[in-house]
Every structure is written in structure tokens, then in C-alpha cells.
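One structure is given here, and the rest of the page talks about it.
In what follows, chains carry the letters A, B, and so on, assigned in the order in which the sequence lines appear, proteins first and then strands, with residues in each chain numbered from 1.
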Number of protein chains: 2
Amino acid sequence: MKVTIKDVAERAQVSVATVSRVLNQSKPVSPEIQDKVMRAVNELGFNPNPVARSLVMKKSLLIGVLIPNIANMFFSVLVRGLEEECYKQQYTTLLCNTNGEIDKELHYLNLMKDKYVDGVVILTSSLKEEHIQFFEENPIPVVFASQSNNGGGMFDCINIDDFQAAYDATSFLIKWGHKKIGLLSGPLTDMESGFSRYSGFRKALEEHNLDFYEKWFSEGTYDIYSGFLRGKEILSRKERPTAIFCASDTMAMGLIHAADEIGIRVPDEISVMGFDDIPMAEAFRPGLTTVRQPIFELGAKAAKMLMEQIQKKSNHKKQLKILPHEIVVRKSCLKLL
Amino acid sequence: MKVTIKDVAERAQVSVATVSRVLNQSKPVSPEIQDKVMRAVNELGFNPNPVARSLVMKKSLLIGVLIPNIANMFFSVLVRGLEEECYKQQYTTLLCNTNGEIDKELHYLNLMKDKYVDGVVILTSSLKEEHIQFFEENPIPVVFASQSNNGGGMFDCINIDDFQAAYDATSFLIKWGHKKIGLLSGPLTDMESGFSRYSGFRKALEEHNLDFYEKWFSEGTYDIYSGFLRGKEILSRKERPTAIFCASDTMAMGLIHAADEIGIRVPDEISVMGFDDIPMAEAFRPGLTTVRQPIFELGAKAAKMLMEQIQKKSNHKKQLKILPHEIVVRKSCLKLL
DNA sequence: TTGTACGCGTTATCAC
DNA sequence: GTGATAACGCGTACAA
């Protein structure tokens, strides 16, 4: 029923080896025979079985992708960039949700290895010993996206400068006259989007001799619901900050929702700054003042870096690529001066 | 370097056949030998090579998923449901973006077939002749999600009742006193979320002897930007409707954004109704009055239906499952009476 | 119950 | 240049 290389060989009256050679152009074949083979291929509508091919080549034209949560806009847009670039190069993405759990990450990493993926793109909260160990044992091309810790030059990485971005965002608020600023961060165990942004925030405060208020600080999980819950918490204290910086647009939206329920107007009574600039940040009312990451590009470039690594194979120079961020001013923040 | 079944066999002093048998429990093996084998397996940390296994079994523990656009909240949430259910059953999802293009769909479908996926879940704008032909030639278990046309009982389908849902939404607006109602639909070439909702809308109008106004009707593409553009178009006419029904929450958000830019207040000057009830619909200001689909559940159940189909293999009774929808009243619509 | 040997569909290594 | 044939790692008739 299924047409194999053997059928083609018979039809073209040559050996399977020859068929393989013309299909892969791995060895010179005389033009006449090449013709015969190609004709047979077309007539039979043959296409090589990728599974059999994988088994012998230890390749699959598959790119494994580890994602904490695909239903998070930041990740899904990034994945689009990733996927589009892969498609151009004939690769297909094997997408796996990890919930940020290292166990699941490892589970999928092992699966990917066994599936002979040609490379892996990892989105994880922080580089862990387990990751390092895995890739020491299994030298698979990999790039960590939205992550700056490259394990001391062990891995390719691509990210924005989270620290600086948070610093810039906070400085922006300060420049606009805010002195009592709250923070809704990600989990501080996330070294990048969690801790780095937290640190950038504190640094900006320090440099301007402003206090960091524990009571107006909370760790969320980037999603809208945590923004809502943490927002209610912070906003229902008897004293309120004049501005809150959120580590994701989604949390900012949740927080604004909370403010609305309590009856606090944004930005009149409190300013809210987001992070990411997801597509909805502009349509949201009030339009979110936020830090723009080139999300799609982050994904596309991660894919490109991976392709390069796959090509060069050995002696590949690992690099850490930092993409620019940008403050986008809309309506959710008020100028106090 | 890599441990194979052969290594295990040697270590356990049995044949590879025996090892295979205890691992797959395909044939009875004496308890003592079973022990020996399992010990060897654990000591060596053996796990079967899925590629080799696929080659011989024509199975892969892979579920192919066709998605128009993963960066669309409706789809990404649905995929989460899908993925979570698959994971429980040891399956991994091979996710592919199609942009709704039949060429890409077919491309990926062929790839999936060659990868020996155990089943496929398809999200597509409408069932086409090409789909039917493909599955006639390749009898792979499949379920169409968010789609009601099951090709006359050929396929498993799961969806809500799009027609009725749009009818209900429109009736709701009418009940609230709206008589001049606009429509921002999806592409009418989409039989379900496009045409069915359009039809439900018109039916409700007709039944209440209300006019359908071409000038307040536009076809969008579900995304936020098309909502914005079409919204500007509709709202800048010299006469305006009192309400607009949108075929997706995202478009509703884009439309509200447009209204805001023009200076039209929602819901005071115009009511906007969405569709889907994505997570952000509640946090959005004003909270979106919308039609809730059980999105996550849609994905999870689609997966379950597929699993069932995979198990039963032949003589599987195809079904069309309709999940309930529900009007969620929030703030984006005004009662005129 | 257990072992031998072949097949799955390719690519790669030999000879010729 | 071209053709046998041995891998790749596993499941499974068939024989024992």
C-alpha cells in the first residue's frame, strides 16, 4: 500500500542505493539514471519515510520547544516567531507545555532526545543544574530564549536586558513624579523576568533615594488572575502607592481590574505600568504604558540562532544576544508634576 | 553509548524477544525472568527508542494538532485542554500552525501521516473536500474541534452550537431594547464561527422584525487589529447602531479601542457584545458582555474523543458532540429600556 | 515459556 | 558510477 524506496528502485530498474543517492544528492549519479529515478519517484508519488530516515540518521527535522504555558500571550507570540522561522527551514516544532516544572521539562527533554530532535529551544524560568547536566550528557543544539544566564558561555541565549528594562520603567515613573511605587513582580525564583526585574526596580529606587515598601510589593505569576488577586491585596491597604509597576501586561490588566472593582480609577488615582507590550496592551482601556519586548522577533531570532548552531555542529561559538526594549507611553500612567 | 534492548538482554541473560515481551506485556513471561529483566532495565536506565518502535509498530504516541493561529487566545486555551488530556494518556502533541490555509494543512497532515501520529485533532475554518479526501486515503483517527460539520457522519466533531449562540446573543441585545444592531463577523467562508454566527444573528433580527443593516456589517478575522480597523470603519459612518455584536472577544476589544479613539463611550453611547469569554474578557474595561464557550473543556473533550477512537480502532461510531454555551453579562452592554 | 531470525524503510560502507 | 548489504533499534511470527 505505501510506496517505499524499494518500489522506486524496481520501477527505475536500479538499486535502492542509487535511488537514495539521487534523492539526497549524496554521491554523483549519471544524468540518465537520475532521470529514470526521478520519473519513477514522481510516477509513484514516493516520499521518503521520515521515521526510517530518523532511525539511521539520528535526525528528524524536528525542533523541540519547551514552554511554561502556551496560553500566555507572551509565549504564544514568541512561539509564532519561532515556528515561522522553523517552517522556512523545513523544520517542524514539537511543542511541550511544562508549567515551569523541572520534572516535566526533563521528561520532555528526554522524549525529545529519543525522538532525535535536531535542536531544542527552551523557555524556562531559570537555568538549573538539571539543564546543564542534561546537555552535558546529551550534546543537543539548544538555545535558551527569554533567558540571559548562559551558564558561563555554555549555551546560546537570547533575551532583552530585564534588569535595565525594569530600571528604565521605574525611572520613567520616578521622572513623572512618582515617589511611592509598588511592585507586582514575577516569582523571585525566576532569575530573569522575576529577580532581574525586581532588582532593576530596586536599583532605580535606590538611585533616586526612594524607599522600597514591602507592603506594596507582591510576587505574582504573570497571569491575569494573580494580577487580580495580588492587586486586591495591595490596593486594599489603607495607604496606597501612586504607581505600581507590574512584571507583565497580563498582571497589569488583572490589577487594573481589581482597582476598578474596588473603585480606584486608573490612572487618576493610581498609575499602572506593564511589561511586554502584548497585542492587547494597546486596546486595553486605559491603554497600557509598558515596556515593549520584541516578542515575535525574540522567537524568530532564537530559531535562527539554533539553525546556525545545527549547521556549524562542532566548534560553535556560543553567544548571548540581547535585543532592545523600549518604553511605550499610553494612558495607564499619570504625570504627577 | 546509548543503551539498547540488546544490552538489556545480555545483562539479564535472556533474548531480546523476552525483554520486549516483559516491557510490552505482550506475552506471558515467568516471574523470575521478569524480575531479572526489570532489574537490568533499571540498572541500565534503559528506555525503548520510540523511533525504532514507530518504524515497526506504525505508532508514535504522537497526536497531531492543526491550529490556525496559536497566538489567538481561543486556540491557545483550547490547546491547553487538549494537551493536558493527552499528557495524562502518555501522548505528546505535535502542534502545527496553519494560518487557516488548506495548503499548509495538507502539508502538515502528510507530515503527520509519515510520522505515524496515532491521531489528529483539526481546528479549521470549514470542512473541505481536501480533508475528506485525505482521510479517505489515510484512515487516521481524527476529530474536528470547534466545528460542527462532520461530513455526514464521517468524522468525530465537537463544538458549541454557533448558530444558536449567536441567536441567543442577538436576542439578548434585542431584549435589552436594541433595534439598530451592527455585526462584526468572522469570514463568512468559515462555515462555523463565521457563517453560522452570522446566520444566527440574522435569524434573531428577522424573528423580531428588525432590519439588518449592511452599513453596520463587516467581516473581520477575529484578531484584535481587524476589530480595530473594522470598528473604525463602522463607527465613523454618520449614523451609528446602538449595539454591535462581535464574533470574538478579541475583535470586540479592538472595536472598543476604536470607539475610544473616536471618542465614543462604551457602553453609554454604544453597546458591544463579544464571543468566547477568553480569560481577559473579564479584566477588560468595560468588562465584556459575551457568549461563553467552554474553551478548555472543548480541547480536553476533543482529546478524549480521539483517545476513544484510537482505542476502538474499527467500527467506531462517529459522533457530533455539542457543548453548552452561556451568556455572560458584564458591563459592555447597556439596557435601553 | 523462551530463543532465533526476519521485517520495518532508510542511509552508509563496502566492493566492483 | 553502481549494486549488494550491513547497520539503525525494536516487535513478532515461528520454531523449539
Heavy-atom closest pair, residues [X] and [Y]:
X        : Y        : value
B/Ile160 : B/Pro294 : CG2-CD, 3.9 Å
B/Cys96  : B/Met112 : SG-CE, 3.7 Å
A/Leu127 : A/Asn149 : CD2-O, 3.3 Å

Give a yes-or-no answer on whether the side chains of [X] and [Y] include a donor-acceptor pair shorter than 3.5 Å.
X        : Y        : result
A/Glu129 : A/Gln133 : no
B/Asn69  : B/Tyr222 : no
B/Gln311 : B/His316 : no

Interface residues of residues 8-26 of chain A with DNA chain C (non-hydrogen, below 4.0 angstrom):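 Residues of residues 8-26 of chain A under 4.0 Å from DNA chain C: A/Ala17, A/Ser20, A/Arg21, A/Asn24.
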What pairs with A/Phe135 under ring-ring contact (aromatic ring centres under 6.0 Å, His included), at least two apart in sequence or on another chain?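 Counting only residues at least two positions away or on another chain, A/Phe135 forms a ring-ring contact (aromatic ring centres under 6.0 Å, His included) with A/Phe155.
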Residues two or more places apart in sequence or in another chain: which of them pass ring-ring contact (aromatic ring centres under 6.0 Å, His included) with B/Phe74? none
What does A/Lys58 touch in the nucleic acid at a heavy-atom separation under 4.0 angstrom: a base, only the sugar-phosphate, or nothing? sugar-phosphate
Under 4.0 angstrom, heavy atoms only, what part of the nucleic acid is B/Val56 near: base, sugar-phosphate, or nothing? base
Strictly below 4.0 Å, N to O, side chains only: are A/Arg80 and A/Glu84 in salt-bridge contact? yes
Could you say whether B/Phe46 or A/Pro31 is positioned toward the 5' end of DNA chain D, judged by the nucleotide with the nearest heavy atom to each? A/Pro31
Ring pair (Phe, Tyr, Trp, His ring centres under 6.0 Å) between A/Tyr108 and B/Tyr87: does it pass, once the steps are laid out? CA-CA 11 Å; A/Tyr108 278 128; B/Tyr87 184 75; 5.8 Å; yes
CG/B/Leu61 to OG/B/Ser54 distance, rounded to the nearest 0.5 angstrom?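 Taking CG in B/Leu61 and OG in B/Ser54, the distance rounds to 7.5 Å.
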Closer to the 5' end of DNA chain C via nearest nucleotide, is it B/Leu55 or A/Met57? B/Leu55
Is it the case that more than 12 heavy atoms not belonging to A/Lys58 sit under 6.0 Å from its NZ atom?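 Yes, enclosed.
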Decide if atom NZ of B/Lys27 counts as having more than 12 heavy atoms of other residues, nucleotides or ligands within a radius under 6.0 Å. no
5' to 3' contact window, DNA chain C with chain B (heavy-atom distance under 4.0 Å): C/dT1 to C/dG9
Distance under 4.0 Å to a non-hydrogen atom of chain A counts as contact; along DNA chain D, which nucleotides mark the start and end?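 Contacts span D/dG1 to D/dG9, reading 5' to 3'.
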Would you work out how much the helix from C/dT1-D/dA16 to C/dC16-D/dG1 bends between its ends, with each end axis defined by five base pairs, to 10 degrees? 50°
